[in-house]
There are 2 protein chains.
Amino acid sequence: MSVAGKAPELTRNQALVHGALVRADGPLSAYEVLDRLREQGFKAPLQVYRALDKLVAFGLVHRLESLNAFVACSHAEGETEEPAAFAICDSCGGVTEFADARITGDLKAWAETDRFSLTGMTIELRGLCAACQTG
Amino acid sequence: MSVAGKAPELTRNQALVHGALVRADGPLSAYEVLDRLREQGFKAPLQVYRALDKLVAFGLVHRLESLNAFVACSHAEGETEEPAAFAICDSCGGVTEFADARITGDLKAWAETDRFSLTGMTIELRGLCAACQTG
DNA sequence: TTACGCTATGTAATAGTATAACATTACAGT
DNA sequence: ACTGTAATGTTATACTATTACATAGCGTAA
Ligand SMILES: [Zn+2]
Ligand SMILES: [Zn+2]
Ligand SMILES: [Zn+2]
Ligand SMILES: [Zn+2]
């Protein structure tokens with residue numbers, strides 16, 4: 001349910017935070033982002049949180065509520081996107097982003113039925129990714 | 001996806017924490033629970049967190065990841081339950097728990113297709129409840 | 001009984017996450 | 001220049017969660 005208007009121009013801080021998340025191989029906490037940007041002059045959590053707020057609003061970054069962490073959106077910029085869902089591997093920490101119109105459609109339908117005016121949704125699966133299963 | 005075996009006997013601390021959540025009219029943070037139980041002798045966060053861990057494992061309490069808060073399960077004890085989903089009103093703070101087999105079924109199907117071994121899921125909707133909408 | 005293992009508990013200290021408050025800078029439109 | 005808005009810098013603080021260690025209760029095997 002990102003607003004994700006036309007491709008936004010990022011400020012310096014936003015671009016740095018976004019870059020850190022794009023380069024990361026998995027989700028990062030705000031403080032992990034901060035540590036990776038100290039060489040670029042970052043010194044306080046708020047520099048990260050303010051950039052993250054914007055990036056999330058733009059739809060370029062997603063917040064993983066069950067991890068208190070953030071990931072770069074895996075979709076191409078501007079690509080229309082159902083509200084994203086995530087599968088988080090408890091073994092390797094890998095995150096798979098997916099968008100399933102049937103799932104989000106069902107949730108929207110539930111909201112409609114319940115007269116709940118929907119503005120956002122969090123869908124996060126936990127378990128083991130294919131690579132991390134032994135048998 | 002609670003394990004929720006046969007009705008568990010709660011320890012004193014677990015019963016106190018559960019009672020506080022049942023009496024509350026909405027979700028409570030762990031520290032709000034703590035404050036409500038100081039008269040009963042609670043003094044440290046860990047007393048609350050340890051009880052919450054058990055209650056969540058029993059399926060008697062749910063954690064709301066997007067709020068860092070906890071609610072008593074709205075279903076009767078022992079009642080079989082699909083993994084719960086929640087609609088959280090951003091205006092009044094009210095939470096509606098629901099369980100929709102179609103939604104959870106779709107998520108399980110996605111996991112199956114992706115060879116993701118599912119152990120839990122978080123489904124939280126945000127918006128305005130019917131009572132909080134003006135028009 | 002005693003000893004052992006397991007669960008629950010008490011308490012203090014610390015780690016991790018997020019925001020409030022205030023000062024400053026940049027820049028567009030008038 | 002004046003004004004309004006958005007972004008930034010910085011310090012301090014609030015909120016959430018866990019580590020570490022000590023203690024107590026209880027069921028059971030020796
Ligand atoms: Zn995305
Ligand atoms: Zn994995
Ligand atoms: Zn429930
Ligand atoms: Zn409401």
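Below, all heavy atoms of this structure are taken into account, side chains as well, without hydrogens, waters or symmetry copies. Convention: sequence-line order gives letters A, B, ...; per-chain numbering from 1.
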### Query
Does B:T11 have a side-chain nitrogen or oxygen under 4.0 Å from the phosphate oxygens OP1 or OP2 of C:dT9?
yes

#### Entry: Modelled atom types, side-chain donor and acceptor of B:E124 and B:S66, under 3.5 Å
yes

### Message
Quick check on contacts: within residues 14-33 of chain A, what sits under 4.0 Å from DNA chain C by heavy-atom distance?
### Response
A:S29, A:Y31

### Query
Residues from residues 37-52 of chain B sitting under 4.0 Å of DNA chain C, heavy atoms only?
B:K43, B:A44, B:L46, B:Q47, B:R50

Pairs under 3.5 angstrom, nitrogen or oxygen only, protein versus nucleotides 24-27 of chain D, please.
none

Whole-Å gap separating [atom2] ([N]) and [atom1] ([X]):
X     : N      : atom1 : atom2 : answer
A:N13 : C:dA26 : CG    : C1'   : 13 Å
A:D53 : C:dA20 : CG    : P     : 11 Å
B:L10 : C:dT7  : CG    : C1'   : 15 Å
B:K54 : C:dA8  : NZ    : C1'   : 8 Å

For [X] versus [Y], what's the shortest heavy-atom pair and its separation?
X      : Y      : result
B:A130 : A:D114 : CB-O, 4.2 Å
A:Q40  : A:R12  : O-NH2, 3.0 Å
B:L34  : B:P45  : CD2-N, 3.9 Å

[atom1]/[X] to [atom2]/[Y] distance, rounded to the nearest 0.5 angstrom?
X     : Y     : atom1 : atom2 : result
B:L16 : B:R36 : CG    : CZ    : 14.0 Å
B:L52 : B:H18 : CG    : NE2   : 10.5 Å
B:R23 : B:D25 : CZ    : CG    : 12.0 Å

### Query
side chain to side chain contact (heavy atoms under 4.5 Å, CB included) with A:S74: which residues, sequence neighbours excluded?
A:E97

### Task
State which residues pass ring pair (Phe, Tyr, Trp, His ring centres under 6.0 Å) with B:F98; sequence neighbours excluded, sorted by chain then number.
A:W110

### Query
Same cluster or not: are A:Y49 and A:L64 linked, directly or through other Ile, Leu, Val, Met, Phe, Trp or Tyr residues, by side-chain heavy atoms under 4.5 angstrom apart?
no

### Summary
Per the under-4.0 Å heavy-atom filter, residues of residues 63-70 of chain B near DNA chain D come out as B:R63, B:N68

### Member of A:T96, A:V71, A:L67 meeting the side-chain contact (heavy atoms from CB on, under 4.5 Å) criterion with A:I88
A:L67

### Query
Passes salt bridge (Lys or Arg N to Asp or Glu O under 4.0 Å), A:E65 versus B:R63? Steps please.
CA-CA 11 Å; A:E65 298 287 356; B:R63 176 184 174 86; over 6 Å; no

### Query
So, B:S117 side chain and A:G127 main chain: donor-acceptor pair closer than 3.5 Å or not?
no

